[in-house]
Amino acid sequence: MSEADRGTGVPDAVGELVCSGRGCRRPAAWGLLWNNPRLHTPDRRKVWLACEEHRGSLSEYLQVRAFLRDVVPVGELVQSDQGGPTP
């Protein structure tokens, strides 16, 4: 992924650090930063969380749609105080 694709966006805060894969409850290891340019401002970074097993499939889903902007270790993300998903 190029620097131009990454942009300077700040990721949304995340709640519980659990994989976003359907039905998965494993601890997240990665934050997949994405943006739908038809819905979000260019600097907005939504976050999906991924365990090691689902990192590839979730990344591919976002990449095919040209939404994936970056993948970062979960330790680099800001966690919300509420522990739940952010709006």
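In what follows, residues are counted from 1 in the order of the sequence shown. What you are looking at is a predicted structure, and each value in this text was computed from that prediction instead of being measured.
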Taking all non-hydrogen atoms of both residues, which atom of Pro27 and which atom of Cys51 are closest, and how far apart? O-CB, 3.6 Å
Taking all non-hydrogen atoms of both residues, which atom of Leu58 and which atom of Leu49 are closest, and how far apart? CD1-O, 3.8 Å
Which residues pass the salt bridge (Lys or Arg N to Asp or Glu O under 4.0 Å) test with Arg25, sequence neighbours left out? Glu16
Once rounded to the nearest 0.5 Å, what's the spacing between atom NE2 of His54 and atom OH of Tyr61? 14.5 Å
Side chain to side chain donor-acceptor pair (under 3.5 Å) partners for Glu60, two or more places apart: none
Who are the side-chain contact (heavy atoms from CB on, under 4.5 Å) partners of Glu76, not counting sequence neighbours? Val72, Pro73
Closest non-hydrogen atoms of Leu77 and Gly31, given as atom of the first, atom of the second and distance, are CD1-CA, 3.8 Å
To check you understand the geometry: which heavy-atom pair defines the closest contact between Ser59 and Val71, and what is its length? OG-CG2, 4.0 Å
Is the backbone of Gly15 close enough, under 3.5 Å, to the side chain of Gln79 for a donor and an acceptor to pair up by distance? yes
CG of Asp12 to CZ of Arg45: how many Å apart, nearest 0.5 Å? 10.5 Å
Report the residues that fulfil salt bridge (Lys or Arg N to Asp or Glu O under 4.0 Å) with Glu53, sequence neighbours left out, ordered by chain and then residue number. Arg26
Shortest non-hydrogen contact between Ala50 and Cys19, atoms and distance: CA-SG, 3.9 Å
To the nearest 0.5 Å, tell me how far Arg69 CZ sits from Asn35 CG. 5.0 Å
Test of understanding: with side-chain contact (heavy atoms from CB on, under 4.5 Å), list the residues that count as partners of Arg38, not counting sequence neighbours. Asn36
Could you measure the distance from the CG atom of Leu33 to the CG atom of Leu68? Nearest 0.5 Å is fine. 8.0 Å
Derivation of the side chain to side chain contact (heavy atoms under 4.5 Å, CB included) call for Val10 and Val78: CA-CA 10 Å; Val10 175; Val78 173; over 6 Å; no
Out of Arg44, Arg65, Lys46, which one pairs with Trp34 under the side chain to side chain contact (heavy atoms under 4.5 Å, CB included) rule? Lys46
Quick check for you: to the nearest 0.5 Å, what is the distance between Leu39 atom CG and Phe67 atom CZ? 7.0 Å
